[in-house]
Student: 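Sending over a structure as structure tokens; questions will come in a sec.
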Amino acid sequence: MSAAANQTSLFDRMVAGLVPYVPQPLVRRFGEPYVAGLTLDNALHTAAELARAGLLTTVDVLGETVGDAAGAAAAADAYLQTLDAFHGRSLPTHVSCKPSGLGSKLGWEIAGRQIGRIVARAEELGAFVRIDMEDATTTDATLALYRELRAQGHERLGIVLQSRLWRSAADAEALVDLVPNVRLCKGIYLEPPQIGMHDRDAIRRSFSSLLRRLLKAGSYVAIATHDEELVVDALEAIDQLGVDRDGYEFQTLLGVRADLAKLLAREHRVRVYIPYGSDSFAYAQRRLRENPQIAGYVARDMLRELARAVDLSR
Ligand code: FAD
């Protein structure tokens, strides 16, 4: 990687570090393009629009913080309603759920029970559930939960591997017996160097090698990236390995590189991740951290604040 690119990434990381200090209303406003809206109707509307453009969807229900087992059950109920509503509108869909949103911080058995309910309903409806991967302190428990649910006979269930993590190659190997349906992404959680890579090119190389390993092992891979270099590399891998159209898909996030999603959808299956719900703050913060324009947002906001302060002092 060139020195200039490394400097850019250092600058990006510095600015991304400011995101926690950006005022809540501003985060919510800049986060709007990344979220379908507050309600299930908003999600249905967005999914129907995307379907007209030839794009599939996976829905993330952004709930309130789960404080007890009843809260976890209520969060799972929102997923069941989502699955039913999409099915009712003949919109084939997938859902993506975070263990923490379903009670894992209270106990993994709580989250497991709730994800089990969601996947059971998905199976009745011919839908699919993906367990999102959170930070590295949760990787072992998430993979163990996936294995346990698969052992219970749940097949319409997928997992996520993060190419940033040093451990992911070993995790991919350990999962081979399950021929898992894997979403491959770089990983949004910035981990300490002993746990996660920090060099962009190393994360890309890891992505490329994991993708090839998973495809060779017969896994269905959801290639979740907006990085054009990785998209081109994935297309090469698919071609070289002779993977047919039903063996993979591309995935993008709502509000990010819609142009790329539409272009890919001309020849490949493409699924857009659409979050909706009342608690979009943490999600919007994560997206802003990755947004190349975040420096502009922060700078403009700081200038506006400065102008206001000068105005008030007059
Ligand atoms: P980047 O180099 O970050 O981005 C490539 C280009 O995409 C950028 O140059 C820019 O043009 C554009 N871009 C990227 N992000 C933004 C943004 N927020 N706003 C505007 N433009 C942007 N991570 C997890 O840790 N666990 C998960 O379960 C998980 N699930 C995901 C599901 C999907 C469908 C996707 C697409 C990503 C998911 N991620 C998840 C996030 C992922 O790990 C990356 O953090 C994220 O996709 C950005 O990496 P990138 O590969 O797109 O490359």
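Values below: all heavy atoms of this structure, side chains included; hydrogens, waters and symmetry mates excluded. Fair warning: this is a prediction, and the values are worked out from it, not measured in the lab. Atoms within a ligand are numbered from 1 in the order they appear, just like the ligands themselves.
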Student: So which protein heavy atom does atom 8 (C) of ligand 1 come closest to, and at what separation?
Tutor: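 Checked against all protein heavy atoms, atom 8 (C) of ligand 1 sits closest to Pro292 CG, 4.2 Å.
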Student: Output the list of atoms in ligand 1 that are nearer than 4.0 Å to some heavy atom of Thr225, sorted by atom number.
Tutor: 50 (P), 51 (O), 52 (O)
Student: Quick check on Tyr34 - does any of its heavy atoms sit under 4.0 Å from an atom of ligand 1?
Tutor: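 Distance cut 4.0 Å: Tyr34 passes for ligand 1.
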Student: Could you grab the distance from atom CG of Leu210 to atom CD1 of Ile223, nearest 0.5 Å is fine?
Tutor: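 Reported to 0.5 Å precision, the distance equals 12.0 Å.
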Student: Please state which part of Leu230 comes within less than 4.0 Å of ligand 1, counting heavy atoms only: side chain, backbone, both or neither.
Tutor: neither
Student: For atom 26 (N) of ligand 1, what's the nearest protein heavy-atom neighbour? Residue, atom name and distance, please.
Tutor: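 In this structure, atom 26 (N) of ligand 1 has Met133 O, 2.8 Å as its nearest protein heavy atom.
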Student: Got the closest protein heavy atom to atom 6 (C) of ligand 1, with its distance?
Tutor: His226 O, 3.7 Å
Student: Distance under 6.0 Å and angle within 45° of the ring axis: does Arg89 meet both against Phe86?
Tutor: no
Student: Between Arg287 and Glu290, is there a salt bridge with N-O shorter than 4.0 Å?
Tutor: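 Yes, Glu290 and Arg287 are salt-bridged.
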Student: Quick test: of every protein heavy atom, which one is nearest to atom 43 (O) of ligand 1, and how far off is it to 0.1 Å?
Tutor: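 Going by distance alone, atom 43 (O) of ligand 1 is nearest to Gly187 N, 2.6 Å.
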Student: Heavy atoms only: which of Arg286, Arg289, Arg287, Arg183 lies closest to atom 41 (C) of ligand 1?
Tutor: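 The option holding the nearest heavy atom is Arg287.
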Student: Is it the case that ligand 1 has an N or O less than 3.5 angstrom from some N or O of Cys185?
Tutor: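 No: no nitrogen or oxygen of Cys185 is under 3.5 Å from one in ligand 1.
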Student: Short N/O distance, under 3.5 Å, between Arg257 and ligand 1?
Tutor: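 Between Arg257 and ligand 1, no N or O pair is found under 3.5 Å apart.
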Student: List the closest protein heavy-atom neighbour of atom 24 (C) of ligand 1: residue, atom name, distance to the nearest 0.1 Å.
Tutor: Ile188 CG2, 3.5 Å
Student: For Ala261, enumerate each residue passing the side chain to side chain contact (heavy atoms under 4.5 Å, CB included) test, keeping only those at least two apart in sequence or located in another chain.
Tutor: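 Per chain and number, Ala261 pairs via side chain to side chain contact (heavy atoms under 4.5 Å, CB included) with Leu55, Thr252, Val270.
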Student: Tell me, please, which residues at least two apart from Glu123 pass salt bridge (Lys or Arg N to Asp or Glu O under 4.0 Å).
Tutor: none
Student: With a 4.0 Å cut-off on N to O distance, would you call Glu267 and Arg245 a salt bridge?
Tutor: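 Salt bridge absent between Glu267 and Arg245.
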Student: I'd like to know if Asp233 and Arg212 make a salt bridge, using a cut-off of under 4.0 Å between side-chain N and carboxylate O.
Tutor: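 Salt bridge present between Asp233 and Arg212.
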Student: Heavy-atom contacts under 4.0 Å between Gln162 and ligand 1: side chain, backbone, both, or neither?
Tutor: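 The part of Gln162 near ligand 1 is the side chain, not the backbone.
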Student: Write out the residue and atom name of the closest protein heavy atom to atom 2 (O) of ligand 1, then the distance separating them to 0.1 Å.
Tutor: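 The protein heavy atom lying closest is Lys186 NZ, 2.9 Å.
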Student: Applying the side-chain hydrogen bond (donor to acceptor under 3.5 Å, both in side chains) criterion to Gln251, which one of Arg183, Arg269, His226 satisfies it?
Tutor: Arg183
Student: Under 4.0 Å from atom 28 (O) of ligand 1, do we find at least one protein heavy atom?
Tutor: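 So far as the 4.0 Å threshold goes, atom 28 (O) of ligand 1 is in reach of a protein heavy atom.
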Student: Check this for me: does any side-chain nitrogen of one of Asp259 and Arg257 sit under 4.0 Å from a carboxylate oxygen of the other?
Tutor: yes
Student: Could you find the nearest protein heavy atom to atom 13 (N) of ligand 1 and give me its residue, atom name and distance?
Tutor: Val256 CG1, 3.4 Å
Student: Looking only at protein heavy atoms, which one is nearest to atom 46 (C) of ligand 1, and how far off is it?
Tutor: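 Ranking protein heavy atoms by distance from atom 46 (C) of ligand 1, first comes Glu290 OE2, 2.9 Å.
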Student: Closer than 4.0 angstrom, basic N to acidic O: yes or no for Glu134 and Lys98?
Tutor: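 No, Glu134 and Lys98 are not salt-bridged.
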Student: Got an N/O contact under 3.5 Å between Ala224 and ligand 1?
Tutor: no
Student: For Val160, counting its heavy atoms only, list the atoms of ligand 1 lying under 4.0 Å from any of them.
Tutor: 28 (O)
Student: Quick one: which ligand 1 atoms are inside 4.0 Å of a heavy atom on Gln251?
Tutor: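 Checking each atom against Gln251, I get 34 (C), 36 (C).
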Student: Evaluating non-hydrogen atoms only, which member of Ile131, Leu184, Leu253 is closest to atom 33 (C) of ligand 1?
Tutor: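 Considering heavy atoms of Ile131, Leu184, Leu253, the nearest to atom 33 (C) of ligand 1 sits in Leu253.
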Student: Any Lys/Arg nitrogen of Glu229 or Arg204 sitting under 4.0 Å from an Asp/Glu carboxylate oxygen of the other?
Tutor: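 A salt bridge links Glu229 with Arg204.
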Student: Can Asp140 and Arg167 be counted as an ion pair, charged N to O under 4.0 angstrom?
Tutor: yes
Student: Decide whether an N or O pair under 3.5 Å exists between Tyr189 and ligand 1.
Tutor: no
Student: Show which atoms of ligand 1 fall inside a sub-4.0 Å distance from at least one heavy-atom site of Asp132.
Tutor: 28 (O)
Student: Hey, are Tyr79 and Asp60 close enough side-chain-wise for a donor-acceptor pair under 3.5 Å?
Tutor: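 There is such a pair (donor and acceptor under 3.5 Å, judged by atom type) between the side chains of Asp60 and Tyr79.
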